[in-house]
Every structure is written in structure tokens, then in C-alpha cells.
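I have placed the structure first, in the form of C-alpha cells, so that the comments after it can refer back to it.
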Amino acid sequence: MLEPVPDPASLPLDVPPPGPRGRPLIAWAVILALVLVVVLVQTYRPRARGNSEEDRFGELTITVQGRHLVGFASFPGVSRKELYHQAIPLNSGPVGQRLRFVILAGELAGPDEALRQLDELQQKIAAQQVEPSPTQRTLLTILRKVYTDYRDGRLQALSLDESERQFLRQELGWFGDLALAPPEDPDPGERAAVVRSARRTAVVLIVTFLGAVGLGVVGFVGLVAMLILLALGRLRGGLSCGRSPGGVYAETFAWWMVLFLGLSLLTELTPLRHGGLLFKGSVSLLSLAALAWPVLRGVPWSQVRQDIGWTAGRRGLLEPLIGAACYVMSFPLVFLGLLLTLLLLAVQNLLVGSAPVDSFDPGKAPAHPIVHELARAGWREWLTILFLAAVVAPVVEETMFRGVLYRHLREASCRIGPVLSVLLSSTVVSFVFAVIHPQGLVTVPALMALAYGFAFAREWRGTLVPAIVGHGLNNALITIVAILLLGR
């Protein structure tokens, strides 16, 4: 698969593209149509009130935020009153999320506040004519018993029988454990187990934040150094254009999208009780069969590998380390992308400001569907998800986006000059890459910023190895952090 790439400077610049030119206009019509379909499906997917993905993501969000608040509250010298004020915005969204906030109120502000929040919740339910599910009605009754006992000094919640305790834990997870282990819990072991996971969440968030800031500083220094070398003409690119049948690669990408989306739909329609994640990963790899298209169109496989970057690169074993460095240098761009994403979220909130101020509807927060798998998975599933995210997805996506599509666009824009060609090609590839991801349109700037870093690695090194390594490193770190935050 990998072989050394020749020095682009040693190749002639006026050699016409060999082999078939393809039909890029037709290919782009297919690509844009499929991208539009993906965006429309993700944006206007029907939502069932009270049992939607947004509901579940909101519950995961309040679980992470609740854990980190409880974790911070366990540190010496931290004001629980101040933390409770920070928690108040979490008292929103569906009934299930608000029930969890009641428990958080009991933890940070005491049983009287929890009972007050229960009273307010039931008043809002009646005022907005919301119909709680039977499970939610039962939880309302159980929580009232719990915090009435705590208010009256019965810290063992004697009003509950064992079935009600199990129901609370089963339906509310960590929050159920927290509700049954108050700060003055007579069972210190049970209380310690609940707080331990909360402290872990708090520590993970602190370490993640400090690590991101530290890598951002290092990445900024490295990016400035690279720009200086580029301005001085000391940076030699690894990719040249004008020598490949770029139109055929537009067709190849269109075929890949057809294969990938078709196979993805097949996985959604195939009921699998066991091994579903591995099946989805295998299907993703099968979409690389689209690489047979340029060979069928008359392009030698050796040239295809060279064109799409399936080579070892100029530095061989050093290319993976260069990929890690390129990933770190993309951090400043990602920070800018995140700022734009936050701005888009603010604009989105303004646009939907006509909705009721205290609506029970779930918010439309950006999220990847895999977070639901991570939240309910065990270590076997975590390892599977980590493998798919850090190995399979980077190989497939970098091959098709920074390999096939980027090569096509560089060939198509070669005549406008290298700087404009690289900017145009990386922008188009990054945009298509970002909009078809399931996190939502508001995350496009952040995903595009990351994709720019992968495109830079591809352009600089010629080989896809650095881009694949950087992509894999990013996905691995995010997955590990998510596992630490969501795992019980």
C-alpha cells in the first residue's frame, strides 16, 4: 500500500494529464445532490417529543455537567451555593432532564430546595399541559418521598421500599445513585462511590482544558514557524498538480458517496443484536471499493496509489510523527472554529427565541450519535468504538476526502496558481467533510478548521500518512475523554 513518493520538483510541469479526463460536472451534480440530501435529513429528521435523540443527549449533557458540579463541590473550600447558581440553567428541557436537576438541587442546596423545585416542576407541567410518561410520574412520586424523608432527618429514605430504590437507580442512573446517597449519608461507602465518579469527571474536564490550552500554545508557535518557513521559501510541498486524470477522481468520490450512504442505510435497516458496531465498521471499509473506479476507467493502480497519497512519504517512519505535529498545529485553527461555532449557536438561539421561555422541548444541541453508544456501552464496546473512530474512520475519510477529492480539486484548479489552488481545494474539501458529519450545521466551522489541518498535512507531505495519523489521534483523544466522562 505504501511506497516512497518522488520529489515533485523533479517532475516536468507541462505534462498533460494522462488517461481519461472523466466527467467532473456530472460527478459534482451527484455529489452536491447527495450532500444536500444528507443535510436535509440531519436537519429535518422527525422528532418525537419526550423520546427523541435530543432528549437523550440533554440527559447525557446534564449528567456530565451534574457530575462535574458535584465533583467540584467535594473539593475543599468550594462554595456549594455558587455551584448551585451555575447549575440553574440546567433546569430546562424535557421532564427527564428537569427531574435530574431536582436531584442536583437537593445535593447542592438541600432537601427543601429539591422539594421546592418539585413543586415548581409540577406547576409548569400543569400550566403547559405536558403529559409525563408513567415512568416520569412514578419518579416524581419517589423523589418527593426521598426529599421529604431527608428534610425530616430520615437520611436512609425509609419511605422507599427496595423496588422503588431499584427503579430510581435504573431510570436515572448516576443521578439515582446520588439521590439515594445524600451528603450526610449514614452509608459512607455508598456515598464515596457516587462522589468518586463525580470527582473523576471534574478532574478529566480540568485536565482536558489545560491540555487543550497547552497544545494550543505549542501549536500556535509551530504554526507561526511553518508560516515563516513558507514565506522564506524553505518549505517544500509534496503534492504537485497537472499530471493526473482529476475528473476521474471526481467520479470516484461520487461513487464512494453512493456506496457509503447506501451501505450506511443498509446497516440502519439490518437488525443486529450483537456485533452491530463491527458490522458498521466493516461496511465503512467496504465503501473503499469505489477506488476500483479509476482502474476500471484505465488509470493504472500504481498511479492511483500515487495520486491519492497511499505512499510512505519522503521521510518514511517519521511521517506519523509529522502527522502528530500537524494535528497540534491545527489547534489554533480549531479554537477559531469553536468560537465561530459558539457564535452560530448564539444566533440559532436568537432565531428560535419566539419559543416559550421555559419550554419542555429539547434543545437542538450539536452532538454525534456515537455519544449514546458510549454512554450505555461496556469496555468491549468502548474498545470497538475506539478502533472504529481512531483507525477505520480516519483511513476511509482521509483516503476519500484528502486523497481522492482533494486530488481532483487540485488538478481542476491548478492553473490559478499554487496558493489559490491549495486554498480553494482545501476549503471545498473541508466544507463537504464538515457538512455531512452528523453533529449539525453549527459545528461546521470547528470541523472545517480541523479539516484544514489535515489538508495542510496532505499538501505538505504528499502522502496521506500524516493526515490519517492526525485524524486518528484527534478521534482517539475525543473518544477516550468521552468514555471517561460518560462511563459510570
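All values below were derived from every heavy atom in this structure, side-chain atoms included, with hydrogens, water molecules and symmetry-related copies excluded.
A distance of 11.5 Å separates NZ of K145 from CG of L143, quoted to the nearest 0.5 Å. We find the CG-CE distance between L223 and M329 to be 7.0 Å, quoted to the nearest 0.5 Å. Between the CG atom in L140 and the CD atom in Q122 there is a gap of 5.0 Å [rounded to 0.5 Å]. Taking CG of L90 as the reference point, atom OG1 of T61 lies at 9.0 Å (rounded to 0.5 Å). Note that the CG atom of D112 and the CZ atom of R151 stand 6.5 Å from one another [nearest 0.5 Å]. If you take CD1 on I480 and OG1 on T208, they are separated by 10.5 Å, rounding to the nearest 0.5 Å.
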Could you please spell out the steps behind the side chain to side chain contact (heavy atoms under 4.5 Å, CB included) verdict for Y150 and L115? CA-CA 10 Å; Y150 292 166; L115 290 170; over 6 Å; no

Evaluation steps, side chain to side chain contact (heavy atoms under 4.5 Å, CB included), between W256 and V396: CA-CA 10 Å; W256 173 76; V396 173; 3.9 Å; yes

R165 and Q170: CA distance, side-chain angles, deciding distance, side-chain hydrogen bond (donor to acceptor under 3.5 Å, both in side chains) verdict: CA-CA 9 Å; R165 293 173 185 272; Q170 178 181 340; over 6 Å; no

Trace of the side chain to side chain contact (heavy atoms under 4.5 Å, CB included) decision for R458 with R407: CA-CA 10 Å; R458 162 73 162 129; R407 165 59 74 178; 4.2 Å; yes

May I have the step-by-step check of side chain to side chain contact (heavy atoms under 4.5 Å, CB included) for W460 and C326, ending in yes or no? CA-CA 10 Å; W460 177 30; C326 288; 3.8 Å; yes

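Between F401 and F253, the ring planes are perpendicular. Angles over 60° get that label, and only those under 30° would be called parallel. Taking the six-membered ring for Trp and thresholds of 30 and 60 degrees, F331 and Y327 have ring planes more than 60 degrees apart, a perpendicular arrangement.
Scanning all heavy atoms of the two residues, the minimum distance from V146 to L168 falls at CG2-CD2, 4.5 Å. Nearest heavy atom pair, residue G470 against residue F454, reads C-CE2, 3.6 Å. Of all heavy-atom pairs between A389 and N475, the closest is O-ND2, 2.8 Å. The two residues P466 and I322 come nearest to each other via the heavy atoms CB-C, 4.5 Å. Between G453 and S330 the shortest heavy-atom distance is CA-CB, 4.0 Å. Between I62 and F175, the closest heavy-atom pair is O-CZ, 3.5 Å.
You'll find the side chain of V204 reaches within 4.5 Å of the side chain of R200, heavy atoms only. Residues V428 and L424 have side chains in contact (heavy-atom distance under 4.5 Å, counting atoms from C-beta outward). A 4.5 Å side-chain heavy-atom check between T311 and L464 finds every atom pair outside the cut-off. In this structure the side chain of Y406 reaches within 4.5 angstrom of the side chain of S426, judged on heavy atoms. A heavy-atom distance below 4.5 Å is not found between the side chains of V203 and L484. Residues L339 and F335 have side chains not in contact (no heavy-atom distance under 4.5 Å, counting atoms from C-beta outward). Residues L108 and R80 form a side-chain contact, since some pair of their non-hydrogen atoms from C-beta on lies under 4.5 Å apart. At a threshold of 4.5 Å between non-hydrogen side-chain atoms, the residues Q136 and E171 do not count as touching.
R402 forms a cation-pi arrangement with F433, by the criterion of a distance under 6.0 Å to the ring centre and an angle within 45° of the ring axis.
The 12-atom threshold is not exceeded at CZ of R315, counting heavy atoms of other residues, nucleotides or ligands nearer than 6.0 Å. No more than 12 heavy atoms of other residues, nucleotides or ligands sit less than 6.0 Å from atom CZ of F209. The 12-atom threshold is not exceeded at CG of L317, counting heavy atoms of other residues, nucleotides or ligands nearer than 6.0 Å.
A salt bridge is absent between E319 and R314: the closest approach of a Lys/Arg side-chain nitrogen to an acidic carboxylate oxygen does not fall below 4.0 angstrom. Salt-bridge annotation for D119 and K124: absent, with no side-chain N of the basic residue lying under 4.0 Å from a carboxylate O of the acidic one.
A donor and an acceptor atom, one from each side chain of Q65 and R100, are nowhere located under 3.5 Å apart. Using modelled atom types, one finds a donor on one side chain and an acceptor on the other under 3.5 Å when comparing S197 with W174. Side-chain polar atoms of Y84 and E107 form no donor-acceptor pair below 3.5 angstrom. A donor and an acceptor atom, one from each side chain of S425 and R410, are nowhere located under 3.5 Å apart.
Judged purely by atom type and a 3.5 angstrom limit, S430 has no side-chain atom pairing as donor or acceptor with the backbone of T427. Using modelled atom types, no side-chain atom of R169 and backbone atom of D177 make a donor-acceptor pair closer than 3.5 Å. S287 places a side-chain N or O within donor-acceptor distance of the main-chain N or O of S284, the cut-off being under 3.5 Å.
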